[in-house]
Amino acid sequence: MRNIKNENGISLVIVLLIIVVFAVLGLAIIGLSLSNTKQIDRTEEKNQAVDLAEMGSEYYKAKLEDKFLKDFFTSVISINKNIQLELENEIIDDLKNKKIYPRKYYMEKALSQLKTDIDSIYVHRDFELVFQNPPLLYNNASFTGKPVDVDKAFKVETDIAKEIVQIEFSFESTGIVNSDKEETIETKLKYIVELNGETIEQTDSDFFNIIKRPVGINEKELNECQNFTDSKDEFVRKNCKYISSIAAEKQKEIKDSTLVFEKGLNLLKNSNLKVENNPTIYITGKTSFFKHIYGIKTSNVFIQSPVLFDNINNSIDDSTIVIIGQVDFERKNNNGTLSIGDIENSKIYIDGNVLFSGKTKIHDFKDSLWYIRGDVDFTNVDFKEAKNSKICVDGKVTSPPYNVDVYSTFLHKEIFQKACPVLNGGNSLDVPINSIEIELLSEPTVNYNYQ
């Protein structure tokens, strides 16, 4: 038999098989490439949506701070002032009635009241309005924002240990690409409201004990003064108390008297008053001296409120003055230089800050003591001469005079304690709450919630 070795067409078959294999491989590569391209596009869209959401977070944060939060924290500051006034009055009343409470007692009350008041001023609708009308970006990309759930958009929490109130606002920002790809992040803005102050706890050996409230015969309360007449001798040789607010314009002297003013004493423009001949003046309530005081001599003066001194153009001699509250020395009537004259053989105790709002001259400062429980700035003050006197400041001192011995707890605490012994065994660091500071945390907390 013959062998059949006809191989015609084999090459064609092989070529066709190779073409099929490469075609399949090409289609597979193209398919894989298209799939990767789509995956890359999806990743790009996702990243772009996240970027847009973060852009929205910063946009709404800035918009909130410029609009809603500016008004909100203006109200918080106003609340602070009211709480401080109420708290300081309560502390003063407690001290007056010999009640002693720890710092935590006052802090808990203040923080609780602050939280309640902050809760009351938050209006969700006002917060929500900030997120309306988002800005236009470009056709296939945008972002929107909204508060999170009503119950979670605003929270206020107190921390008694840290003595703070923390306020938290939460909102969502959504980045949108091609109208169908969305990424959402949640932003939390945290604010700290901090109550400051070294201590609230005070003892009954405070400045109140330096000049005690006057009483009449047999340790009974002074009788009520007759109706105020505003005559030039109204405050001369009298021993009584006024139960109404007194605004005096014609008074010339407080002399040989023991007087209690229950609701304040305001000396008006024509009262060029002399205080002398051993009077004791005890004032609770709003107080201002808007005209010259021609000297305070051999006197005891107690004022339980902030006070304005417009001018003291004669000496303070052989006297003791106690003021519970801020003291402002300012020549309000003609913007001139305020003169305090001489301070000799006298002690002045001030439980509060001291402000010298304009140029002030103090001539001789001899054999005397100022004890200031607060801050004081002596930039505008000129002590002409000082001898055997010192100023003790339980607080911050700015521009201390070069020719007066000034001791401050902030500068040299140990030296202060030696040079300025604590009064009657009391604590020199006892000060009421003095301020609330609002601090915005530098970066918001952002929670990513990919959809």
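Keep in mind that what you see is a predicted model, and the values were worked out from it rather than measured.
- A donor and an acceptor atom, one from each side chain of Thr258 and Asn239, are located under 3.5 Å apart.
- Judged purely by atom type and a 3.5 angstrom limit, Asn353 uses its side chain to pair as donor or acceptor with the backbone of Asp375.
- Remark: the Tyr60 side chain and the Glu172 side chain contain no N/O donor-acceptor pair separated by less than 3.5 Å.
- Residues satisfying the ring pair (Phe, Tyr, Trp, His ring centres under 6.0 Å) criterion with Phe68, sequence neighbours excluded, are Phe72, Phe127, Phe169.
- Between the side chain of Asp230 and the main chain of Glu249, a donor-acceptor pair closer than 3.5 Å is present.
- Formation of a donor-acceptor pair under 3.5 Å by the Asn403 side chain with backbone atoms of Phe383 is found in this model.
- Atom CG of Asn223 sits in a sparse spot, with 12 or fewer heavy atoms from other residues, nucleotides or ligands closer than 6.0 Å.
- Ring-plane geometry between Phe171 and Phe131 is classed as tilted, the angle between the planes lying from 30 to 60 degrees on a 0 to 90 degree scale.
- Between Phe73 and Tyr191, the angle of the ring planes lies from 30° to 60°, which puts this pair in the tilted group.
- A donor-acceptor pair under 3.5 Å links the side-chain atoms of Lys390 to the main chain of Ala419, judged by distance alone.
- In summary, the side chains of Ser173 and Ser57 do not present any donor paired with an acceptor at a separation below 3.5 Å, with no hydrogens or angles considered.
- For Tyr59 and Phe143, the ring centers are positioned less than 6.0 Å apart.
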